[in-house]
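Structure first, commentary second.
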Amino acid sequence: MEMKNGNFYIGGIAVSELAAKYGTPTYVYDEQKIRANYRKVSETFRKYYPNFEMFYAVKSCNNPAIVNILRQEGAGADCASVNEILLAKSVGLEGEKVMFSGNFLSDDDIKQGLESGVIFNLDDVSLLPRLLKFGKPELLSFRVNPGYGKSNVGEYVTNAGPNAKFGIHPDKVIDAYRMAKEAGIKRFGAHMMTGSCITDAEYFPFVTGLLMDIIGKVSKELDINFEFVDLGGGLGIPYKPGEPALDLEKAAQLTAEMFKKKSEEYGMKPPQLKLEPARYFVGNAGWVIGTVHAIKESYRKIAGTDIGMNILVRPAFYGSYHHIYVDGKEDHARKPLGMSGQLCENTDFWVKDRELPEDLSEGDIVICENAGAYGFGMSYQYNGRLRPAEVLVNNGEAFLIRDREEFEDMIRHTHVPERLLS
Ligand SMILES: *Cc1c(COP(=O)(O)O)cnc(C)c1O
């Protein structure tokens, strides 16, 4: 996003023009920014470890147009459910370009996951006998909990360690691979996903070491060859102005060094290194634009916008920070103001005191930054405030990639018993 003469532009188009054409609230994504983010990670890691591949975790922003951009760049898809596998297939990703990393799977999930022919990444050893009932995958991966995880928002998105629900306990990993080997499975991978939004470069080699120590021993003891090791996502982006960014170069270099060192130490044939970033690709390439509909002077001055927690839930959900810009007023005098959505819930009052332009007024366009990841995908219809539109911009051209929901979408799939109609 750029500012020219006080007005904001996304991908070369004025935000005021996007708001006028598509209405608000609307998610806007910048295609070139997504491509640049992907290339940056790809080129940086490849430099230190050429046998490198990435899977985009589609849950972060599942619009098929976005998944297609990443597919064109060379990404596979990491899927959390059978429907996400279907989404990946709908854009032409299949087989070993798709990873199924769901957890606590039902028999139906397992059956459909197997039939889909993608890489199965099992979250627990207890799922293996159930999986074998339905068939034997050629290639199998297990998700390991290496005993440590972290995130930028405390426990909320810490996905490994003693308080995480994910992955196999370090002591049980060997049993999982032994059972799989005894069942006749021949090709193996290993996986972890320990936390999200990490901007500390040293974290990545550290957890890589933990995982490699666990699977290195498995490789030696069971004489198993790991074709790939997937270190998950978690590459962080700064949300607050002035917050340090992840030193990607350092993260890549140190992670690759640790990966090589540990593969040698355990006599492993160097596995392919996989990553599954999501936030890093789309987070800072997406914005929500909204309108100030009313200004209230109460205990504080509160600007009521159409960006509620139904549109962007992260602040209410995780206490996350999203920076807000006001089109045309960035250089105006500021004072601490409140900002809220339109829901009948006080958690919707997600900005209590923030330095905003003091002449903020009805009709102003507000822009919420870093909303591309875990934004639209977590939106919902509470209070009859329906899901927003999504627009993709590319070098000065805008394209509607999802319609704004309408009333029919709110009652679709509901049924009223005949006896209630009299
Ligand atoms: C959500 C998720 C990711 C992506 O995480 P980011 O922190 O957004 O990079 C990767 N892998 C798995 C298994 C996930 O669930």
Salt-bridged, [X] to [Y], with N to O below 4.0 Å?
X: K111; Y: D108; result: no
X: E265; Y: K262; result: yes
X: R39; Y: E73; result: yes
X: R35; Y: E31; result: yes
X: E96; Y: R187; result: yes

Inset, instruction - Kindly indicate whether the side chain of V218, heavy atoms from C-beta on, has any atom under 4.5 Å from the side chain of L222. - result: yes
Legend entry - Heavy-atom check, side chain of M212 versus side chain of S263, under 4.5 Å: yes
Legend entry - Contacts of Y56 that satisfy ring-ring contact (aromatic ring centres under 6.0 Å, His included) - sequence neighbours left out: none
Inset, instruction - Would you please name every residue forming a ring-ring contact (aromatic ring centres under 6.0 Å, His included) with F100, sequence neighbours left out? - result: F120
Legend entry - Value rounded to 0.5 Å, distance of CG in L248 from CZ in F204: 9.0 Å
Side-chain donor-acceptor contact under 3.5 Å, [X] with [Y]:
X: D78; Y: S101; value: yes
X: T255; Y: T208; value: no
X: H293; Y: D306; value: yes
X: D230; Y: N121; value: no
X: E53; Y: Q272; value: yes

Legend entry - Candidates D327, I289, I324 - the one meeting side chain to side chain contact (heavy atoms under 4.5 Å, CB included) with V366: I324
Legend entry - Pair F206-Y148, ring pair (Phe, Tyr, Trp, His ring centres under 6.0 Å): steps then yes or no: CA-CA 10 Å; F206 173 70; Y148 185 80; 5.3 Å; yes
Inset, instruction - Sequence neighbours left out, what passes salt bridge (Lys or Arg N to Asp or Glu O under 4.0 Å) with E202? Give chain and number order. - result: K250
Evaluate whether atom [atom1] of [X] has more than 12 neighbouring non-hydrogen atoms of other residues, nucleotides or ligands under 6.0 angstrom away.
X: E221; atom1: CD; value: no
X: K260; atom1: NZ; value: yes
X: K47; atom1: NZ; value: yes
X: K133; atom1: NZ; value: yes
X: K89; atom1: NZ; value: yes

Legend entry - Audit row: H322, Y239, ring pair (Phe, Tyr, Trp, His ring centres under 6.0 Å) steps and yes/no: CA-CA 6 Å; H322 281 272; Y239 279 82; 5.4 Å; yes
Legend entry - Single hit among R385, Q381, R412 for side chain to side chain donor-acceptor pair (under 3.5 Å) with E405: Q381
Inset, instruction - Please report the C-alpha distance between F226 and Y177 in whole Å, then the side-chain angles of each, then the deciding distance to 0.1 Å, and finally whether the ring pair (Phe, Tyr, Trp, His ring centres under 6.0 Å) criterion is met. - result: CA-CA 11 Å; F226 284 94; Y177 285 99; 5.1 Å; yes
Inset, instruction - If the plane angle is over 60° it's perpendicular, under 30° parallel, otherwise tilted; pick one for Y27 and Y29. - result: parallel
Inset, instruction - Determine, for Y9 and K4, whether the Lys NZ or Arg CZ falls below 6.0 Å from the six-membered ring centre while staying within 45 degrees of the axis. - result: yes
